[in-house]
Colleague: 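Take this structure first; my questions come after.
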Amino acid sequence: MEPKPTWRERFQYWFDNSLAGGPLVIIGWLGLGTIILVLLMTGLSLLPLFHPEGEDVKQVFWNILFQALTPNPFDTTARWQFLLVMLAVTLGSLFMVSILIGTLTNGIETKVENLRKGRSRVLESGHTLILGWSPQIFTILSELMIANENQKNARIVILADKDKVEMEDEIRDRVKSLGSTRIVCRSGSPLDLNDLEIGSPHAAKSIIVLPPEDDDPDSAVIKTILALTNNPNRKEEPYHIVTQIRDPQHMEVVRMVGERDKVLAVLIGDLIARVVAQTSRQSGLSVVYTELLNYSGDEIYFKEEPTLAGKTFGESLLQYEDSAVMGVQFANGHPEGNIKLNPPMETILSAGDRIIAISEDDDTIRLSGLASIPLEEGCIAKGGRTQLAAPEKCLLLGWNGCADTILRELDNYVAPGSEVMVVVDTSVSKEAEEAEAIVKNDLPVMKNQSVAFRRGDTTSRALLEELHAADYDHIIVLSYAGMDVQAADSKTLVTLLHLRDIAEKDATPFSIVSEMLDLRNRELAEVAHVDDFIVSNHLVSLMMSQLSETADLSPVFTDLFDAEGSEIYLKPASDYVETGKPLNFYTVVEAARRLGQVAIGYRLMRENGDAASSYGVHTNPRKSEMVTFSPEDKVIVLAEE
């Protein structure tokens with residue numbers, strides 16, 4: 001039988017537990033000890049043997065008290081017995097003061113360390129809260145700071161399971177500070193309800209949830225959304241949450257957990273696949289998308305214009321000098337949805353409707369007020385010159401989770417009789433090993449194209465020449481999933497260099513579209529003069545930044561990237577206007593309007609290799625500026641085909 005603890009052991013256990021209460025408890029014990037010391041020594045000094053001559057009880061108490069609090073030299077002419085009492089008080093005081101100083105020092109160091117760890121709650125409101133950490137955060141921060149340049153005291157709060165100082169150092173190295181936006185970093189798990197409170201999510205204007213870099217990022221995203229939407233301390237108003245999902249099957253789960261709130265989830269694979277599929281057939285399209293998605297140029301805004309009520313959508317296209325109208329947000333609904341890009345030109349605008357326009361800022365969407373539109377009627381091509389689509393040949397090199405979706409998306413755009421050859425190095429990763437089975441067994445029957453598969457090292461010059469790469473109309477180079485980011489991009493770069501060399505030696509032009517994983521590698525890849533680059537995470541980050549600022553953009557992006565309805569096309573300028581003649585962009589807009597299309601810009605092929613000129617892409621040009629098109633130039637339009 002275990003012996004019962006003694007009174008001393010019980011007291012020791014109680015005392016040890018009390019000391020675990022922290023610095024305040026220790027200071028309290030020191031105060032109590034000081035009081036006991038003063039009272040004991042005062043009582044001892046009142047005994048006849050120790051009592052100093054000529055001092056009453058009050059004087060004795062105050063002398064001992066002050067000696068305990070601030071040890072000082074004392075009168076050595078007093079009785080030696082009293083001097084011993086004062087010496088004991090002094091030694092006891094020094095002992096307690098030493099403990100007090102040590103306790104305070106340790107408490108301050110702990111506080112500083114906690115501040116360094118970023119565990120204190122932020123007292124912000126109306127801020128953007130970013131939960132999680134990944135390389136995407138640098139693009140998002142840069143975009144949000146540009147968006148907030150004209151705002152005072154804008155705040156971005158980051159809560160991630162990472163050291164606060166490390167986060168601040170990486171941001172300092174990778175992100176240029178703009179405007180008055182302040183970035184606040186805090187350490188904590190976005191999955192933990194207590195840690196979430198550190199970022200003040202209930203006072204944030206929008207919340208961006210970044211997935212972790214692991215094998216199951218969607219689960220972490222869904223758990224974080226659950227922690228926000230089902231928080232016991234949640235606010236009554238809906239949360240504005242932006243995130244990204246990899247597996248389409250998880251989208252329904254996201255909708256369920258965010259039923260009460262505005263949860264906007266970007267389906268990564270679907271988005272990238274659609275962009276790659278569209279861009280592979282249209283050189284320069286990725287630049288157009290990047291221009292529309294980032295905040296450094298013109299963006300998409302909503303504007304209610306009461307004076308346009310009663311006019312048609314087609315009439316509104318020519319009412320702005322510095323903005324490009326591209327659609328309408330209907331106040332009273334529409335048979336095809338609340339938001340419609342490029343609706344029928346005869347659509348009547350009603351009170352409360354908002355136009356969707358590309359402009360430099362929301363306050364630059366202004367009516368031109370022109371009494372008559374300066375059209376160059378003689379320069380408009382008569383009846384358009386659309387060409388009948390011909391079958392296409394596409395070569396797809398590499399494999400990742402988007403590849404099968406890209407193949408399905410391509411089938412929506414190409415003409416019947418088209419062909420796709422898929423070549424994969426199945427030895428590089430587990431995902432690549434599965435490519436052949438997916439192509440041969442899992443892909444649905446295509447309506448417009450046939451798909452063939454071949455194993456091979458996609459960096460091999462001999463293989464590329466054996467495939468007769470120059471005979472293809474389009475070549476898509478995908479990054480391999482399951483590899484290190486830099487290793488995958490290096491493999492892509494080698495393939496691109498071989499392809500560009502083949503293209504330069506062949507008289508028949510073919511377009512090359514490549515997917516890069518790291519934005520910094522794009523500059524290296526530009527030496528290969530590839531027609532377009534799709535930096536997956538960069539595009540997704542740009543879209544998330546836009547959605548965090550304007551939730552209404554979600555259906556706009558859905559419509560823009562969907563194969564149904566109107567998409568962005570780069571079509572020959574000669575389909576719209578006479579080439580070789582100076583004309584203004586009003587004339588181009590009118591020419592496109594007569595074909596049921598919306599012109600939002602153009603691409604000048606003479607600037608194709610100039611990165612500073614956005615590779616010749618001009619979105620939302622001033623409509624009165626004169627431009628002379630060559631037969632190779634393109635007009636950027638919203639059209640159904």
Side-chain angles (χ1 to χ4, degrees), residues 274 278 282 285 288-289 291-293 298-359 362 365-368 373 375 380 383-384 386 412-413 543 546-547 550-571 575-576 585-602 619-621 623 635-641:
R274 290 178 177 181
Q278 294 179 28
Q282 302 185 83
L285 185 57
V288 177
Y289 283 145
E291 288 281 310
L292 294 179
L293 290 175
D298 291 357
E299 301 86 50
I300 301 173
Y301 294 99
F302 297 80
K303 177 71 178 292
E304 182 179 350
E305 197 66 69
T307 57
L308 292 180
K311 294 183 180 293
T312 65
F313 172 73
E315 290 175 312
S316 72
L317 299 178
L318 297 169
Q319 300 301 309
Y320 296 89
E321 165 71 18
D322 303 315
S323 303
V325 176
M326 59 188 300
V328 182
Q329 183 183 40
F330 297 99
N332 300 317
H334 188 271
E336 297 184 30
N338 183 43
I339 283 178
K340 180 69 175 173
L341 298 181
N342 186 27
M345 293 297 161
E346 63 275 12
T347 301
I348 302 296
L349 302 180
S350 305
D353 290 349
R354 296 200 296 171
I355 63 164
I356 305 169
I358 303 169
S359 192
D362 54 357
I365 306 176
R366 299 182 297 264
L367 294 170
S368 64
I373 307 301
L375 298 177
I380 297 178
T386 56
N412 293 323
Y413 296 102
M543 183 176 287
Q546 293 261 355
L547 293 176
T550 311
D552 285 345
L553 284 173
S554 181
V556 173
F557 292 147
T558 300
D559 196 356
L560 199 60
F561 294 111
D562 195 350
E564 300 295 328
S566 294
E567 299 93 53
I568 295 178
Y569 291 93
L570 284 81
K571 299 195 174 189
D575 286 359
Y576 303 90
F585 196 64
Y586 279 113
T587 304
V588 179
V589 173
E590 173 61 19
R593 185 191 68 80
R594 294 179 185 182
L595 297 175
Q597 302 171 8
V598 175
I600 61 173
Y602 52 81
T619 55
N620 185 34
K623 292 185 178 63
V635 173
I636 306 169
V637 296
L638 269 171
E640 293 199 0
E641 60 179 20

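The first residue in the sequence is number 1, and the count goes up from there.
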Colleague: Between CD1 of Ile365 and OG of Ser323, what distance do you get to the nearest 0.5 Å?
Modeller: 5.0 Å

Colleague: Taking salt bridge (Lys or Arg N to Asp or Glu O under 4.0 Å) as the definition, give me every residue that meets it alongside Asp322, ordered by chain and number, with sequence neighbours left out.
Modeller: Arg622

Colleague: Is the shortest side-chain heavy-atom distance between Phe313 and Lys340 below 4.5 Å?
Modeller: no

Colleague: Can you name the nearest heavy-atom pair linking Ser554 to Leu547, along with the distance?
Modeller: N-CD2, 3.5 Å

Colleague: Does the side chain of Val328 reach to within under 4.5 Å of the side chain of Thr347, using non-hydrogen atoms?
Modeller: no

Colleague: Got a donor-acceptor contact below 3.5 angstrom from the Asn620 side chain to the Ala324 backbone?
Modeller: yes

Colleague: Got a second to check how far Glu305's CD is from Arg366's CZ, nearest 0.5 Å?
Modeller: 11.0 Å

Colleague: Can you list the residues that meet the salt bridge (Lys or Arg N to Asp or Glu O under 4.0 Å) rule with Glu590, with sequence neighbours excluded?
Modeller: Arg593, Arg594

Colleague: Minimum heavy-atom separation for Leu341 and Ile356, please, with both atom names.
Modeller: CD2-CD1, 4.3 Å

Colleague: Heavy atoms, side chains only, cut-off 4.5 Å: are Arg354 and Lys303 in contact?
Modeller: no

Colleague: Using the rule side-chain contact (heavy atoms from CB on, under 4.5 Å), only one of Ile355, Asp552, Asp353 pairs with Gln329; which is it?
Modeller: Asp552

Colleague: Considering all heavy atoms of both residues, which atom of Val598 and which atom of Met326 are nearest to each other, and what is their separation?
Modeller: CG1-CA, 4.1 Å

Colleague: What is the minimum heavy-atom distance between Ala599 and Val637, and which atoms define it?
Modeller: CA-CG1, 4.0 Å

Colleague: Could you go step by step and tell me if Tyr586 and Leu317 meet the side chain to side chain contact (heavy atoms under 4.5 Å, CB included) rule?
Modeller: CA-CA 9 Å; Tyr586 279 113; Leu317 299 178; over 6 Å; no

Colleague: Leu560 and Leu638: side chain to side chain contact (heavy atoms under 4.5 Å, CB included), yes or no, with the steps?
Modeller: CA-CA 9 Å; Leu560 199 60; Leu638 269 171; 3.8 Å; yes

Colleague: If you define the side chain from C-beta out and look only at heavy atoms, does anything of Glu567 sit under 4.5 Å from Phe561?
Modeller: no

Colleague: Rounded to the nearest 0.5 Å, how far apart are CD of Gln546 and CD1 of Ile300?
Modeller: 7.0 Å

Colleague: Can you tell if the side chain of Ile568 reaches within under 4.5 Å of the side chain of Leu292, non-hydrogen atoms only?
Modeller: yes

Colleague: How close do Leu318 and Ser368 get, counting heavy atoms only, and between which atoms?
Modeller: O-OG, 4.5 Å

Colleague: For Tyr320, does its backbone N or O pair with a side-chain atom of Lys623 as donor and acceptor, under 3.5 Å?
Modeller: yes

Colleague: Identify the two heavy atoms, one from Asp575 and one from Leu595, that lie closest to each other, and give their separation to 0.1 Å.
Modeller: O-CD1, 4.1 Å

Colleague: Between Thr312 and Glu315, is there a donor-acceptor pair closer than 3.5 Å when you use the side chain of the first and the backbone of the second?
Modeller: yes

Colleague: Please lay out, stage by stage, how Tyr289 and Glu291 fare under the test side chain to side chain donor-acceptor pair (under 3.5 Å).
Modeller: CA-CA 5 Å; Tyr289 283 145; Glu291 288 281 310; over 6 Å; no

Colleague: When you look at Thr550 and Tyr301, which way does the side chain to side chain contact (heavy atoms under 4.5 Å, CB included) test go after all the steps?
Modeller: CA-CA 9 Å; Thr550 311; Tyr301 294 99; 5.9 Å; no

Colleague: Can you check whether Val635 reaches Leu570 side chain to side chain, under 4.5 Å on heavy atoms?
Modeller: no

Colleague: Hey, what do you get for CD (Glu321) to CG (Leu367), rounding to the nearest 0.5 Å?
Modeller: 12.0 Å

Colleague: For a 4.5 angstrom cut-off between non-hydrogen side-chain atoms, does Leu349 reach Ser316?
Modeller: yes

Colleague: Take Gln597 and Tyr569 through the test side chain to side chain donor-acceptor pair (under 3.5 Å) and record every step on the way to the result.
Modeller: CA-CA 10 Å; Gln597 302 171 8; Tyr569 291 93; over 6 Å; no

Colleague: Does Phe302 offer a backbone N or O that forms a donor-acceptor pair with the side chain of Asp362 under 3.5 Å?
Modeller: no

Colleague: I'd like to check the ring pair (Phe, Tyr, Trp, His ring centres under 6.0 Å) partners of Phe585; sequence neighbours left out, ordered by chain and number.
Modeller: Tyr602

